[in-house]
Amino acid sequence: MGASLEQLYDMLEESRDELIELTQALVRIPSVNTGHNSEPPWSASQTAGEFAEPIVPYILQGNAATGDELPCAELLRDKLAADGIDSTIYHSQEKRANITAQLSGGNGPSLLYMSHIDVVPVEDESQWTYPPFGAEIHEGRIWGRGAADMKGTVAAETMAMILLKRARVQLSGTLKLAVCADEESGGAYGFGWLAQHYPETITADFAINEGGGAPIKSGDRLIYPINTGEKGRLEARIYIKGRGFHASQPWKADNAIYKAEEVIGRIREYEPEVSTAHELFQHLDTLAGVDREVTDENIDEIIAELWNERESLASFLRAASRMTLVASMIDGGVKSNSVAENCLITCDVRSLPHQDSAYVQSEIEKICDGIDGVRVEVIETSVPSASTFDHPFSDHVMSATKKTVQRTIGREDIEFVPGITVGFTDSSFVRPLGNIAYGFTPGHPDADPSKSGAHNINESADIESIITICRFMLALAFETGIAVEE
Ligand SMILES: [Zn+2]
């Protein structure tokens, strides 16, 4: 027995409702990852003495209590089992669950479908048009937290594996699926945990994950960005020590909050080094019709020219060409009638692939230079990483996309550009294992990616894009030579 890609596409057409229902079932499970808690890392009793050290990095304290991905993992386990696919659920913590499965059929190449099952919180439910965990369908979209980021893809990947099994496609290699916890807080309990404890479950020649693939339309042209790398994410904590005093005679204190004001002002003024080293910047002709050579010197001018017409692209190019540093939390003082002795400014930092934590540390120390009582601590939550675009995998991805778009809208003249993810994805955990990992989940060519509302109110996924991603996953299994046409 066996089947061709065309036959699988036909099977998928017949299974559309099944895929949509699987997405809805996943969205209805509130696997909310609250991540950081806002507890300051010192307690009131400690502030009287020497400057208190944080006891446990509070990123980790926050993570441990949230997520609750287990019901989603169990749902996927049962779904796979119904088609005879065995899976394994790995608990990284109580209620934190990662699920893996595989289809093997020979010593040929291996491909990993990656996704995460946790979602970011819903802040104010009253602002949502449809209930955030209702998974209601309106205007051809599934509405709810996690629909776009990224339960639609979880369902599409799972369904692709199920269809390959159902069609009894002959396999010459191994197809792996890993749906993990905790991506929204840096992945320490998800792919990071699996990479540490069960790396064999997520090691493959090729890996495909979120991060790229939203179609870009430029006139008649249809362009898909394939994200080959991502920036690093670091958290910088700037501890500012002053001297407390009774608030009735504030001049006798050295107010840590006022010192923080100076530090914050300098952070706002900081001008990071500009770099156009990523191969993305050699493709701005395709991406944005830029007809001159792009350099470190002229990129800001190009961004300024693009800003009016194509703001989201211009903003992305700005983020891709420099480190970002932004103050994102502030804690200071313990009592309203005492002048603050301590203040902590927490910054989010996104570094370029060539910038390590020592570089970030020295940049922030330079910013704080000359202000006494300041200590900088930089914590790396994810290292920047990149896979090369000049690799057979990019040919497989491009060819699978052409087949997908051909089947979807009868068109094959698509262009591709390598991209960089300016946020974090789990790909950074699998690249060190040797996987060539790309962020690429190609939506429907006519989809408007700006409607997804990921991490925002009214998040939604358009159903045609979920179907398109499933088509792509099927095509990729054939293009990589893991599934064999008969
Ligand atoms: Zn995501």
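The first residue of the sequence shown is numbered 1, and numbering continues consecutively from there. The shown structure was predicted, so the numbers you read here are calculated from the model rather than taken from an experiment. Hydrogens, waters and symmetry mates play no part in the numbers below; they use all other heavy atoms, side chains included. Whatever order the structure lists ligands and atoms in, that order sets their numbers, starting from 1.
The Zn ion (ligand 1) lies at 2.8 Å or more from every N, O or S atom belonging to Glu183.
Residues Phe478 and Leu476 have side chains not in contact (no heavy-atom distance under 4.5 Å, counting atoms from C-beta outward).
For the Zn ion (ligand 1), the nearest N, O or S atom contributed by Asp149 is named OD1. In terms of distance to the Zn ion (ligand 1), the nearest N, O or S atom of Glu210 is named OE1.
Here Phe472 and Phe440 bring their ring centres to under 6.0 angstrom of each other. Centroid-to-centroid, the aromatic rings of Tyr130 and His138 come within less than 6.0 Å.
A salt bridge between Arg407 and Glu13 is absent, with no side-chain N of the basic residue lying under 4.0 Å from a carboxylate O of the acidic one.
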